[in-house]
Protein chains: 2
Amino acid sequence: MTPQTTEAVDDYLKAILELGGPAEEAVSSNALASHLGVRAASVTGMLQKLALREPSFVVYQKHYGVRLSDAGKRRALEVIRHHRLLERFLHDFLDYSWDEVHEEAERLEHYISERLEDRIAAKLGDPASDPHGHPIPEKDGAIAPRNEVQLIHWPCSVPAGISSVSDRDPVELREMKRLGLLPGTKVVVEPGSRTGSILVRIGSGQPTRLTLPLASGVLVSGVTE
Amino acid sequence: MTPQTTEAVDDYLKAILELGGPAEEAVSSNALASHLGVRAASVTGMLQKLALREPSFVVYQKHYGVRLSDAGKRRALEVIRHHRLLERFLHDFLDYSWDEVHEEAERLEHYISERLEDRIAAKLGDPASDPHGHPIPEKDGAIAPRNEVQLIHWPCSVPAGISSVSDRDPVELREMKRLGLLPGTKVVVEPGSRTGSILVRIGSGQPTRLTLPLASGVLVSGVTE
DNA sequence: GTCATGATTTAGCTATGCCTAAATTAGCAC
DNA sequence: GTGCTAATTTAGGCATAGCTAAATCATGAC
C-alpha cells in the first residue's frame, strides 16, 4: 500500500502546526519556506496539492496563508507523538544521549506503524514528555496547554522551573546538560544582565552567566512553592 | 544530507543477493522484475543507473544479467543485518509476535542509522539469528554458510533440525507456530507422502500431515546426534 | 543458417518534490 | 488613486522510480 503521507508532507504539516502557534493562526508561504529550508515557490506548489488532496490536509487561501484542516492537524500531532515517544525510547532504552535522540527520531517518526507506536508507549508506561521536556500528545491528539516563557523573558528574582529546552542543536544541548539546565530544574534569574548574557542561579548552585542564544532555548514556567 | 541509498535501491540490492544464491550467479532482469513486483523495463532502467553510480553497486551486462559489486554486496548485507536485528528486537523487547515482525522490519531496515543498529545489537547481545532462524550478518558482512534443504527434499526417516522458516506469509507463520515448527526443533519425515502433503514427526509429538506449500517454507539441516 | 519466440532494452509518459527566473499581486506610503 | 516593494504565484526544469508499447536481441528448433 502507498503510504498515506510522505516525509515531505509530514514536515509541512508539522511546520504549519508549530508556526501557527497555540491560536492556530494562518501561516504565510514565506514563513514556511524559511522554516523548512526550501523556496517559497516550492511551498506554494506543495500547499496547492495538500489543499486538493482527499481528505484535504490544509485550508489554503492565496496571498493570505494556510491553516491545518482537522485531518492535517491529526496527522501533524501523530507525527509529533511518534517523534517524542521515539526520543524517550532511544534515551531510556537504547543508551542514546540527550543530544543524539533528535536526529534519529526525526527520520524514524515518519515510518513507524501504529502498532510500534503503541508498543513503545506501553513499554515506556505512557510517558508525558520527551527527554527535552516537550509534552507527548495523547493518542487522540490531546496535548495539555502550557504557560511557557523563554528564560530570557522571565522576571528577575522570581523562581521558575525549566519546563523544556530546545532540541535543535546538539552542541547547545551538551552545554545545557553540563550546566544542569534540565527539565524540572528550578532556576532564578539574578540581577546582572548585560547585552548578550544573563545571570542565572541553576538549582542550588552558584549563579552562572548564560549567553543569550543558550538561554533563549530554555523555556520556563512558574513554580508553586 | 541526502541518503546514500533509497528504499528502491536497497530492495534491488537485496533481491540480487538473494536471487544470485550462494554462488553469486548473474541474475536476469526478468527474475528481478518478478521478484520485486515491477516490470522488466523498470528493472533495466534501474540497473543502468546502479551500474553508473559512484561507487557502482552492480556489474551489469546487457542481455546477460547483473551481479553485485563489493560496495553493492556490502550495502545489501547491511540492510539484511538491519532487517534481522529489527525482527529480533521487535520480537524480544516489544512483544511483537512471530508473524508481525517482518512487515515492520521491512520498512524500518532502510532508515535506521549505524548508531541505532549498534545499540540494538548491543541490547540484544549480538544475536546470531532472527526469530525465523535466519542468520544475522556480522557488522563486516560475514555470514556463516549453511547447509539448508527444504523439508520436502529431506530424505525419509533421517532426523533433521529446523534451521529456519520462510517469513513471507503471516498466515503460514501462525500455522507453523501452532504446529511447533520452530527453528531448532527436531523433525523426521515419515513414510506416507502423497501428492500435496508429507507426513512429519515434529519434536516428540505424533506424525503430522503438512501441506506442501507449508512444508516448502521449512528449511532443515542434519542433526549430529 | 534461418527463423520464430521469448527475453530484453529503448523510447516516451506519469507523478512527486524540489529548483530558478520571470510575472504577478497585495498592501502600504503618500 | 498611484506607485513601490515585498510576498506570492506561474512557468519551465531536474531527478527518482515507476509504467506501456514498440523495437531489438539471443537462443533453440529445424
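Computed over heavy atoms, backbone and side chain alike; hydrogens, waters and symmetry mates excluded. Lettering follows sequence order; numbering is per chain, from 1.
In this structure, the side chains of A:F89 and A:V101 stay at 4.5 Å or more apart for every pair of heavy atoms.
Taking atom CZ of residue A:R39 and atom P of nucleotide C:dT20, one finds them 4 Å apart after rounding to whole Å. Rounding to whole angstrom units, CG of residue A:L50 and P of C:dT16 are separated by 11 Å. Between B:Y60 atom OH and C:dT10 atom P the separation is 7 Å, expressed in whole Å. Look at CD on A:Q61: it is 17 Å from P on C:dT25, rounded to the nearest Å. Counting to the nearest Å, the P atom of C:dT16 and the CG atom of A:D11 are 17 Å from each other. Whole-Å rounding puts the A:L52 CG to C:dT16 P distance at 11 Å.
Summary of the strand contacts: A:V38 and A:Y64 both lie near DNA chain C, and taking for each the nucleotide with the nearest heavy atom, the more 5' one is attributed to A:V38.
If you check the side chains of B:Y96 and B:E87, you find no donor sitting under 3.5 Å from an acceptor. Side-chain contact, A:R84 with A:S129: no donor N or O sits under 3.5 Å from an acceptor N or O.
A:Y12 comes within 4.0 angstrom of sugar-phosphate atoms only, judged by non-hydrogen atoms across all strands, and of no base. Base contact: B:A41 has a heavy atom under 4.0 Å from a base atom.
Checking the phosphate oxygens (OP1, OP2) of C:dA7, no side-chain nitrogen or oxygen of B:K62 falls inside 4.0 Å. Taking side-chain N and O atoms only, B:S29 has a distance below 4.0 Å to OP1 or OP2 of C:dT9. Under 4.0 angstrom from either OP1 or OP2 of C:dT8 there lies at least one side-chain N or O belonging to B:N30. For B:T44 and C:dT9, the shortest distance from a side-chain N or O to OP1 or OP2 is below 4.0 Å.
Note on B:K73 versus B:E24: salt bridge recorded, some NZ/NE/NH1/NH2 to OD/OE distance being below 4.0 Å. Salt bridge status for A:R115 with B:E100: present, with a side-chain N to carboxylate O gap under 4.0 Å. Note on B:R81 versus B:E78: no salt bridge recorded, every NZ/NE/NH1/NH2 to OD/OE distance being 4.0 Å or above.
Distance alone, capped at 3.5 Å, places no donor-acceptor pair between the B:W98 side chain and the B:K177 backbone.
Here chain A contacts DNA chain D (any atom closer than 4.0 Å to a heavy atom, that is under 4.0 Å), and the contacts span D:dA7 to D:dT10 from 5' to 3'.
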